[in-house]
**Student:** 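Sharing a structure with you now.
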Amino acid sequence: MATLVFLEHHGDELQKGSLGVLTKAVALGGADAVIIGEGAKGLAAQAGAYGAAKVFACEDAEVAQPVPQPRVDVLAKVVSDGGYDTVLFANSVLAADIAAGLAARLDAGLNWDLVDVELQGGDLVGKRPALQDTVYADVGWTSTPRIALFRAGSFDAQESGGGEPEIVDVSPSYAAHSTSVKLVGQDAEESSGPSIEDAGVIVAGGRGLGAPENFTLAEELAKALGGAVGATRAVVDAGWYPYSAQIGQTGKTVSPKLYVALGISGAIQHKVGMQSSGTIVAINKDANAPIFEFSDFGVVGDVHEIVPKLTELVQQRRGS
Amino acid sequence: MKIAVCVKHVPEGTSRIDPGTKRLDRAGEGALNHFDANAVEEALRLKGDSDTEVVAVSLGPQKALDSLRKALAMGADRAVLVSDDAAAGSDLVATSRLLAAALAKEEPDLVLFGQQASDADGAVLWAAVAERLGRPVVSQAMELSVDGGTVHVKRQTEHGYDTIEAPLPAVVAVSDAINEPRYPSLKGIMGAKKKPQDVLSLADLGVDAGDAGEAGSRTTVLALGDPPARADSQKIEDDGNAAQAIVDFLAEKRLI
Ligand SMILES: Cc1cc2nc3c(=O)[nH]c(=O)nc-3n(C[C@H](O)[C@H](O)[C@H](O)COP(=O)(O)OP(=O)(O)OC[C@H]3O[C@@H](n4cnc5c(N)ncnc54)[C@H](O)[C@@H]3O)c2cc1C
Ligand SMILES: Nc1ncnc2c1ncn2[C@@H]1O[C@H](COP(=O)(O)O)[C@@H](O)[C@H]1O
């Protein structure tokens with residue numbers, strides 16, 4: 001197996017998720033890595049420490065911005081020139097678009113949302129939870145290169161004691177459509193207020209709260225329980241609650257002792273940010289909502305009916 | 001301007017995988033993927049009162065016409081369904097090839113996608129289709145506008161918010177936070193029946209059967225199993241006493 005891992009970086013930091021995928025690839029028999037964008041070469045040594053034997057680095061002006069398509073050009077060249085038969089990505093907004101673009105470019109199979117991968121008699125087999133994680137499928141590839149996109153948090157990153165990697169400069173020719181997307185602004189929106197990452201109890205609200213002002217339901221319950229308030233992307237992007245409170249793939253990852261989900265459907269991208277919570281309680285009026293698949297205590301009901309009563313009962317009990 | 005919206009017909013309610021074919025069982029009732037209603041809505045919003053044409057495009061079984069009619073009832077002008085027995089079981093590579101072929105015939109200025117197919121949760125198809133069309137792509141759009149020949153997008157990533165510009169023709173995938181999709185009016189539903197609905201076969205698209213369906217796919221499902229076992233979980237229906245039941249549960253777990 002000749003494996004290539006896409007290592008994503010932000011600023012001068014390699015992303016933990018992609019180092020986790022590299023760790024897995026090294027355990028499966030070794031891997032090379034590719035780092036694309038400003039500062040790529042400077043990060044190669046770190047990739048080596050996590051076990052990459054060779055690091056392809058591209059710092060062309062065309063890849064200065066974190067957009068996917070010029071990265072497809074870089075990867076297509078590395079994969080074809082280097083004869084790689086396996087290309088692995090840790091999921092992210094950027095990586096998903098690169099992986100799918102590369103699949104189309106190379107007419108290669110892409111299996112996504114994998115949580116593990118193993119060799120079965122020399123064949124690579126991916127583990128993919130499907131249908132809201134109610135079924136686990138073993139998936140394979142019928143040709144090479146094989147492309148895989150792993151769900152956030154699938155593997156821990158571990159240094160391998162590897163030495164200095166060989167660094168190879170890459171500079172492909174870029175397709176016209178690859179370089180026409182322009183990032184004109186980036187806004188990190190630093191969080192204000194107490195951090196939800198350290199909260200022991202989180203009460204999170206989703207679109208099921210119905211309106212921004214109904215977030216007071218979540219706030220009052222959180223206060224009664226001595227916890228913090230979280231939110232889904234759907235309500236954050238709609239402007240109901242600040243980004244700093246968002247939980248999930250593109251928000252925070254939390255693991256409080258208690259997580260209470262109010263009117264949240266339980267999409268995979270939300271789940272990856274809160275699934276390691278100690279106890280999960282969910283209130284949702286749809287009995288088929290995916291959130292119930294990973295809740296310890298689920299209530300099929302209306303948040304507007306239940307939450308005010310619940311807050312009152314908690315207040316009485318805690319004497320607050 | 002011409003806007004194409006890619007919409008998927010997905011199984012309704014709880015879905016299952018057929019153990020024989022290892023494919024999603026599509027025999028039951030289906031509906032328009034609700035994430036794609038956001039894409040249709042956005043196309044209609046961009047159209048406004050202008051003479052922009054909105055074409056809904058789908059790949060799926062004949063029954064997918066129901067979902068396309070929903071898009072027409074919302075206000076789309078025309079529907080195109082790619083449907084062929086040889087296309088069943090298409091994976092990402094094959095699906096993107098067929099959709100790109102249908103879109104290339106339409107030559108839209110803008111192609112919109114939904115955030116994800118609720119049965120596949122891929123959230124990747126747009127990038128493959130854009131690559132085949134040789135067009136710029138922007139995903140996760142939570143705000144979208146078009147002025148002259150440029151699309152402007154605001155979107156969220158792991159690192160905050162990006163503002164992005166791309167020249168038309170372009171491909172944009174919208175997030176479910178971009179708008180509230182309208183419900184079709186009775187007039188819309190009645191009118192939908194009369195709007196043009198074309199069904200295209202592989203031959204119509206000039207795609208070889210070997211490049212579609214399982215033959216044209218590069219991935220395969222090998223086996224199906226149960227998810228890892230979970231500790232006990234309870235689910236109750238609120239009968240007016242749910243708040244008390246939650247408190248009892250939390251007390252038993254010593255969480256309050
Ligand atoms: C690349 C990518 C990254 C993403 N990142 C994130 C992320 O970081 N975090 C995140 O949360 N999402 C993320 N998402 C979005 C995610 O897929 C879902 O769209 C989102 O989590 C849905 O939010 P929601 O549960 O609030 O809304 P919905 O899915 O609309 O669910 C609302 C729920 O409320 C219920 N409800 C309605 N009314 C009531 C009532 N009165 N009482 C009780 N229940 C009610 C409904 O039954 C429904 O289940 C991402 C998506 C993508 C593609
Ligand atoms: N069979 C299909 N026909 C038309 N559009 C589709 C189809 N499958 C997926 N899409 C579009 O691609 C988006 C993402 O799907 P996916 O990558 O499969 O999660 C959906 O929201 C739709 O806009």
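Small disclaimer: the values here were computed from a predicted structure and weren't measured. The figures that follow rest on heavy atoms only: side chains count, while hydrogens, waters and symmetry mates do not. Throughout, a chain's letter reflects where its sequence line sits, starting with A, and its residues are numbered from 1.
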**Student:** Does B:E131 pair with A:R105 as a salt bridge, N-O distance under 4.0 Å?
**Tutor:**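 So B:E131 pairs with A:R105 through a salt bridge.
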**Student:** Is any side-chain heavy atom of A:V314 less than 4.5 Å from a side-chain heavy atom of B:V247?
**Tutor:**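 Yes - at least one pair of side-chain heavy atoms lies under 4.5 Å apart.
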**Student:** Tell me if a side-chain donor or acceptor on A:Y136 pairs with a main-chain N or O of B:L224 at a distance below 3.5 Å.
**Tutor:**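 Not confirmed, A:Y136 side chain does not pair with B:L224 backbone.
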**Student:** Donor-acceptor pair, B:K235 side chain versus A:D296 backbone, under 3.5 Å?
**Tutor:**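 Not at all, since once roles are kept as given, no pair shorter than 3.5 Å links the two residues.
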**Student:** Between A:Q65 and chain B, which part of the residue has a heavy atom less than 4.5 Å away: side chain, backbone, both or neither?
**Tutor:**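 Answer is neither: A:Q65 stays 4.5 Å or more from chain B.
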**Student:** With a 4.5 angstrom heavy-atom cut-off, which part of A:R128 approaches chain B: side chain, backbone, both or neither?
**Tutor:**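 Side chain only.
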**Student:** Just by modelled atom types, is the A:W141 backbone N or O under 3.5 Å from a matching donor or acceptor in the B:R218 side chain?
**Tutor:**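 Between the backbone of A:W141 and the side chain of B:R218 there is no qualifying donor-acceptor contact (under 3.5 Å).
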**Student:** For each of B:S175, B:A166, B:A130, B:S96, tally heavy-atom pairs with chain A at distances under 4.5 Å, and name the one with the top tally.
**Tutor:**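 So the answer, after comparing B:S175, B:A166, B:A130, B:S96, is B:S175.
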**Student:** How far does CD of B:Q234 sit from CZ of A:F292, to the nearest 0.5 angstrom?
**Tutor:**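 Going from CD on B:Q234 over to CZ on A:F292, the span is 13.0 Å.
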**Student:** Below 4.5 Å from any heavy atom of chain B, which atoms of A:I268 appear? Answer side chain, backbone, both or neither.
**Tutor:**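 Only the side chain of A:I268 comes within 4.5 Å of chain B.
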**Student:** Can you tell me which of B:V138, B:L222, B:L92 forms the most heavy-atom pairs within a distance under 4.5 Å of chain A?
**Tutor:**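 Going by pairs under 4.5 Å, I would pick B:L222.
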**Student:** So which of A:K285, A:R233, A:Q249 has the biggest tally of heavy-atom pairs under 4.5 Å with chain B?
**Tutor:**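 Most heavy-atom pairs within the cutoff with chain B belong to A:R233.
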**Student:** Measuring heavy-atom distances to chain B, does A:I283 have an atom under 4.5 Å in its side chain, in its backbone, in both, or in neither?
**Tutor:**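 The answer is the side chain of A:I283.
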**Student:** Please state whether the side chain, the backbone, both or neither of B:S217 comes within less than 4.5 Å of a heavy atom of chain A.
**Tutor:**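 Backbone of B:S217 only, per the 4.5 Å heavy-atom cut-off to chain A.
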**Student:** What part of A:V72 gets closer than 4.5 Å to chain B, counting heavy atoms only: side chain, backbone, both or neither?
**Tutor:**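 It is the side chain, since no backbone atom gets that close.
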**Student:** Count the heavy-atom pairs under 4.5 Å between each of A:G239, A:A234, A:S180 and chain B, then report the option with the highest count.
**Tutor:**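 The residue among A:G239, A:A234, A:S180 with the greatest pair count is A:S180.
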**Student:** Is any side-chain N of the basic residue among A:D237 and B:R155 closer than 4.0 Å to the acidic one's carboxylate O?
**Tutor:**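 So A:D237 does not pair with B:R155 through a salt bridge.
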**Student:** Ignoring hydrogens and geometry, is there a side-chain-to-backbone donor-acceptor pair from B:E158 to A:V93 under 3.5 Å?
**Tutor:**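 Yes, the answer is positive, given that a donor and an acceptor are paired below the 3.5 Å cut-off.
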**Student:** Under a 4.5 Å heavy-atom cut-off, does chain B meet the side chain of A:E293, its backbone, both or neither?
**Tutor:**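 The backbone, not the side chain.
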**Student:** Using heavy-atom distances under 4.5 Å, tell me whether A:L149 contacts chain B through its side chain, its backbone, both, or neither.
**Tutor:**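 Contact with chain B is through the side chain of A:L149 alone.
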**Student:** So for A:D113, is it side chain, backbone, both, or neither that comes closer than 4.5 Å to the heavy atoms of chain B?
**Tutor:**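 No part of it gets close to chain B.
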**Student:** B:E143 versus chain A, heavy atoms under 4.5 Å apart: side chain, backbone, both or neither?
**Tutor:**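 Neither part.
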**Student:** For residues A:K309 and B:N241, determine if any side-chain heavy atom of one lies less than 4.5 Å from a side-chain heavy atom of the other.
**Tutor:**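 A:K309 vs B:N241: side chains apart.
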**Student:** State, to 0.1 Å, how close A:A104 and B:A128 come at their nearest heavy-atom pair, and which atoms those are.
**Tutor:**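 In terms of heavy atoms, the two residues are closest at CB-O, 3.4 Å.
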**Student:** With a 4.5 angstrom heavy-atom cut-off, which part of B:V93 approaches chain A: side chain, backbone, both or neither?
**Tutor:**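 Contact with chain A involves the side chain of B:V93 alone.
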**Student:** Report yes if some heavy atom in the side chain of A:K257 is under 4.5 Å from a heavy atom in the side chain of B:R254; otherwise report no.
**Tutor:**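 Sidechains of B:R254 and A:K257: no contact.
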**Student:** Treating A:Q69 as the side-chain partner and B:R135 as the backbone partner, does any N or O pair qualify as donor plus acceptor under 3.5 Å?
**Tutor:**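 Flag set: sc A:Q69 to bb B:R135 pair under 3.5 Å.
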**Student:** Heavy-atom pairs under 4.5 Å with chain B are the metric here; pick the option from A:Q246, A:E305, A:K127 that has the most.
**Tutor:**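 Most heavy-atom pairs within the cutoff with chain B belong to A:Q246.
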**Student:** Under the side chain to side chain contact (heavy atoms under 4.5 Å, CB included) criterion, do A:D107 and B:R97 qualify, and how do the steps go?
**Tutor:** CA-CA 9 Å; A:D107 257 325; B:R97 187 180 293 121; 2.7 Å; yes
**Student:** Give, for atom CG of B:L255 and atom CG of A:L258, the distance between the pair rounded to the nearest 0.5 Å.
**Tutor:**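 The CG atom of B:L255 sits 5.0 Å away from the CG atom of A:L258.
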**Student:** To the closest 0.5 Å, what do you measure between CG (A:D187) and OG1 (B:T163)?
**Tutor:**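 Interatomic distance, A:D187 CG to B:T163 OG1, rounded to 0.5 Å: 7.5 Å.
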**Student:** With heavy-atom distances below 4.5 Å as the criterion, would you say the side chains of B:T219 and A:V139 are in contact?
**Tutor:**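 No, their side chains stay 4.5 Å or more apart.
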**Student:** Decide side chain to side chain contact (heavy atoms under 4.5 Å, CB included) for A:V236 and B:Q156; before the verdict, give the C-alpha distance in whole Å, the side-chain angles of both, and the deciding distance to 0.1 Å.
**Tutor:** CA-CA 10 Å; A:V236 168; B:Q156 194 193 93; 4.1 Å; yes
**Student:** So which part of A:A175 gets closer than 4.5 Å to some heavy atom of chain B, the side chain, the backbone, both or neither?
**Tutor:**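 It is neither, since no heavy atom gets under 4.5 Å.
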**Student:** Do B:I164 and A:V184 come close enough that some side-chain heavy atom pair is under 4.5 Å?
**Tutor:**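 In short, these two side chains do not touch, never coming nearer than 4.5 Å.
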**Student:** With a 4.5 angstrom heavy-atom cut-off, which part of B:A120 approaches chain A: side chain, backbone, both or neither?
**Tutor:**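 When you check distances to chain A, atoms from both the backbone and side chain of B:A120 fall under 4.5 Å.
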**Student:** What part of A:L225 is in contact with chain B, defined as an atom under 4.5 angstrom from a non-hydrogen atom: side chain, backbone, both or neither?
**Tutor:**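 For A:L225, side-chain heavy atoms alone lie under 4.5 Å from chain B.
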**Student:** Are side-chain N/O atoms of A:W112 and B:D121 paired as donor and acceptor at under 3.5 Å?
**Tutor:**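 No, no side-chain donor-acceptor pair sits under 3.5 Å.
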**Student:** Under 4.5 Å heavy-atom distance to chain B, tell me which part of A:S295 shows up: side chain, backbone, both or neither.
**Tutor:**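 Backbone of A:S295 only, per the 4.5 Å heavy-atom cut-off to chain B.
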**Student:** A:A238 and B:A177: which non-hydrogen atoms are nearest, and at how many Å?
**Tutor:**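 Nearest pair, atom of A:A238 first, then B:A177: N-CB, 4.3 Å.
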**Student:** Just jot down the salt bridge (Lys or Arg N to Asp or Glu O under 4.0 Å) partners of B:E41, sequence neighbours excluded, or say none.
**Tutor:**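 So B:E41 forms a salt bridge (Lys or Arg N to Asp or Glu O under 4.0 Å) with B:R182.
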**Student:** Is there a side-chain contact between A:D133 and B:P227 in this structure, where contact means two heavy atoms from C-beta onward sitting under 4.5 Å apart?
**Tutor:**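 Side-chain contact under 4.5 Å: no.
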**Student:** Report yes if some heavy atom in the side chain of B:V124 is under 4.5 Å from a heavy atom in the side chain of A:D97; otherwise report no.
**Tutor:**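 Not in contact.
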**Student:** Looking at every heavy atom in both B:A123 and A:A96, which two are closest together, and how far apart are they?
**Tutor:**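 Closest approach of B:A123 to A:A96: O-CB, 4.4 Å.
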**Student:** For the residue pair A:V181 and B:V137, what are the closest heavy atoms and their distance?
**Tutor:**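 Result for this residue pair: CG2-O, 3.8 Å.
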**Student:** For chain A, which candidate among B:S233, B:G240, B:A170, B:A223 shows the most heavy-atom pairs at distances under 4.5 Å?
**Tutor:**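 So the answer, after comparing B:S233, B:G240, B:A170, B:A223, is B:A223.
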**Student:** Measure the shortest side-chain to side-chain distance between B:I246 and A:I306 over non-hydrogen atoms and say whether it is less than 4.5 angstrom.
**Tutor:**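 SC-SC contact between B:I246 and A:I306 confirmed.
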**Student:** At a heavy-atom separation under 4.5 Å, does B:A173 approach chain A through its side chain, its backbone, both, or neither?
**Tutor:**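 For B:A173, there is no contact with chain A at all, as no heavy atom is under 4.5 Å.
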**Student:** Nearest 0.5 Å please: distance from the CD atom of A:Q186 over to the OG1 atom of B:T157.
**Tutor:**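 These two atoms lie 6.5 Å from each other.
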**Student:** Which answer fits B:D226, side chain, backbone, both or neither, if we ask what part of it has an atom under 4.5 Å from a heavy atom of chain A?
**Tutor:**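 Contact with chain A is through the backbone of B:D226 alone.
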**Student:** Measure distances from B:L250 to the heavy atoms of chain A and classify the residue's part below 4.5 Å as side chain, backbone, both or neither.
**Tutor:**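 The side chain, not the backbone.
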**Student:** What residues, two or more places apart in sequence or in another chain, satisfy salt bridge (Lys or Arg N to Asp or Glu O under 4.0 Å) together with A:R207?
**Tutor:**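 By the salt bridge (Lys or Arg N to Asp or Glu O under 4.0 Å) rule, A:R207 matches B:D176.
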**Student:** Against chain B, label A:V281 side chain, backbone, both or neither, depending on which of its atoms sit under 4.5 Å from a heavy atom there.
**Tutor:**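 Answer is side chain: those atoms of A:V281 sit under 4.5 Å from chain B.
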